[in-house]
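Data block below; observations after.
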Amino acid sequence: MQEFDAKSILASLEYESREAYDRAKKEADFIGKVSESLDVAEPKTALKLYNKIVTEKSLSSVVGYEYLNYLRGIIIEAGLGNEDSLAHIPVREVTKTDKDTIEVNNFETERYKKLYEGQKVINKKIKIVLVACIIVLVGFVVVNFRLEYSIFTYFTNYKANMEEELIDKYQYWAEQLEKKEQELNSGSDTSE
């Protein structure tokens, strides 16, 4: 009997929903791993694996059912069992509650998708506002360092400082004028 190819069966089928495809793909991956680790061409191994999968109801997609039929064929061909002695393959139907669950999951997915899209827009707006605030703040800081008195000095005692500076300037000018006067007076005294 030829080797079972879960990937080709997976690719050859058309699925009713994304969930059905995902379940079939998951089972195809499981079958691939089992085929790598176990020699299912050996009838005793195939029988043990078949009984374990049927008992635990591990496979529930078309790909899984095909694999169970493949194992069943190996077992019957080797003479370890016949159609009546082997456990029947449990087929799980998609019930009304399963369909409702799928619809609810789709609704939830759509809701979260809308929330995610809304959050992306909000995040973009927040980034724009943050960049604008940073630009304004940098502008204020630059202005503050260039000018001695700016908006940031409004809450300090800048008026007192300005008055002291102005008084110091006038005192300096007054001292300079007195010096010049003394020089002129001393120069006029020597000429007489």
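For this chain, numbers begin at 1 and follow the sequence in order. Computed from a predicted model, the values in this text were never measured in an experiment.
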**Study point:** Approximate separation, where rounding is to 0.5 Å, of Glu164 CD and Gln171 CD
**Key:** 10.5 Å
Practice item. Could you list the residues that satisfy side-chain hydrogen bond (donor to acceptor under 3.5 Å, both in side chains) with Lys7, not counting sequence neighbours? Key: Asp29
Review point. In Å, rounded to the nearest 0.5 Å, how long is the span from CD of Glu183 to CD of Glu181?
Key: 11.0 Å
Check your understanding: Between CD of Glu66 and CG of Leu13, what distance do you get to the nearest 0.5 Å?
Key -> 7.5 Å
Review point. Listed by chain and number, what are the side-chain hydrogen bond (donor to acceptor under 3.5 Å, both in side chains) partners of Ser37, not counting sequence neighbours?
Key: none
Point to revise | Given Glu19, Arg18, Arg23, the one that forms side chain to side chain contact (heavy atoms under 4.5 Å, CB included) with Tyr21 | key: Arg18
I'd like a table of donor-acceptor pairs (distance under 3.5 Å, sequence neighbours excluded) in which one partner is a side-chain atom from residues 116-129, with atom names and distances.
{"unit_1": "Gln119", "atom_1": "NE2", "unit_2": "Asn123", "atom_2": "OD1", "d": "3.1"}
{"unit_1": "Asn123", "atom_1": "ND2", "unit_2": "Gln119", "atom_2": "O", "d": "3.4"}

Practice item. Evaluate side-chain contact (heavy atoms from CB on, under 4.5 Å) for Ile89 paired with Tyr65, printing each intermediate quantity in order. Key: CA-CA 7 Å; Ile89 298 171; Tyr65 298 147; 3.8 Å; yes
Just distance, no hydrogens or angles: give the donor-acceptor pairs under 3.5 Å from side chains in residues 42-52, sequence neighbours left out.
{"unit_1": "Glu42", "atom_1": "OE2", "unit_2": "Lys44", "atom_2": "N", "d": "3.4"}
{"unit_1": "Tyr50", "atom_1": "OH", "unit_2": "Arg72", "atom_2": "NH1", "d": "2.4"}
{"unit_1": "Tyr50", "atom_1": "OH", "unit_2": "Ala87", "atom_2": "O", "d": "2.4"}
{"unit_1": "Asn51", "atom_1": "ND2", "unit_2": "Leu47", "atom_2": "O", "d": "3.4"}
{"unit_1": "Lys52", "atom_1": "NZ", "unit_2": "Glu56", "atom_2": "OE2", "d": "3.2"}

Check your understanding: Ile9 and Tyr15: which non-hydrogen atoms are nearest, and at how many Å?
Key -> O-OH, 4.3 Å
Review point. How many angstroms lie between atom CD1 of Ile76 and atom CG of Asn69, to the nearest 0.5 angstrom?
Key: 9.0 Å
Revision key, fill the gap. Heavy-atom nearest pair, Val63 first then Ala24, reads CG2-CB, 4.0 Å
Check your understanding: Looking at CD1 of Ile75 and CG of Leu80, how far apart are the two atoms once the value is rounded to the nearest 0.5 Å?
Key -> 7.0 Å
Study note, to complete from the structure: Tracing side-chain contacts under 4.5 Å among Ile, Leu, Val, Met, Phe, Trp and Tyr outward from Tyr172 reaches Leu166, Tyr170, Trp173
Check your understanding: Listed by chain and number, what are the side-chain hydrogen bond (donor to acceptor under 3.5 Å, both in side chains) partners of Ser85, not counting sequence neighbours?
Key -> Asn82
Point to revise | Ser35 side chain reached by Tyr67 side chain, heavy atoms, under 4.5 Å | key: yes
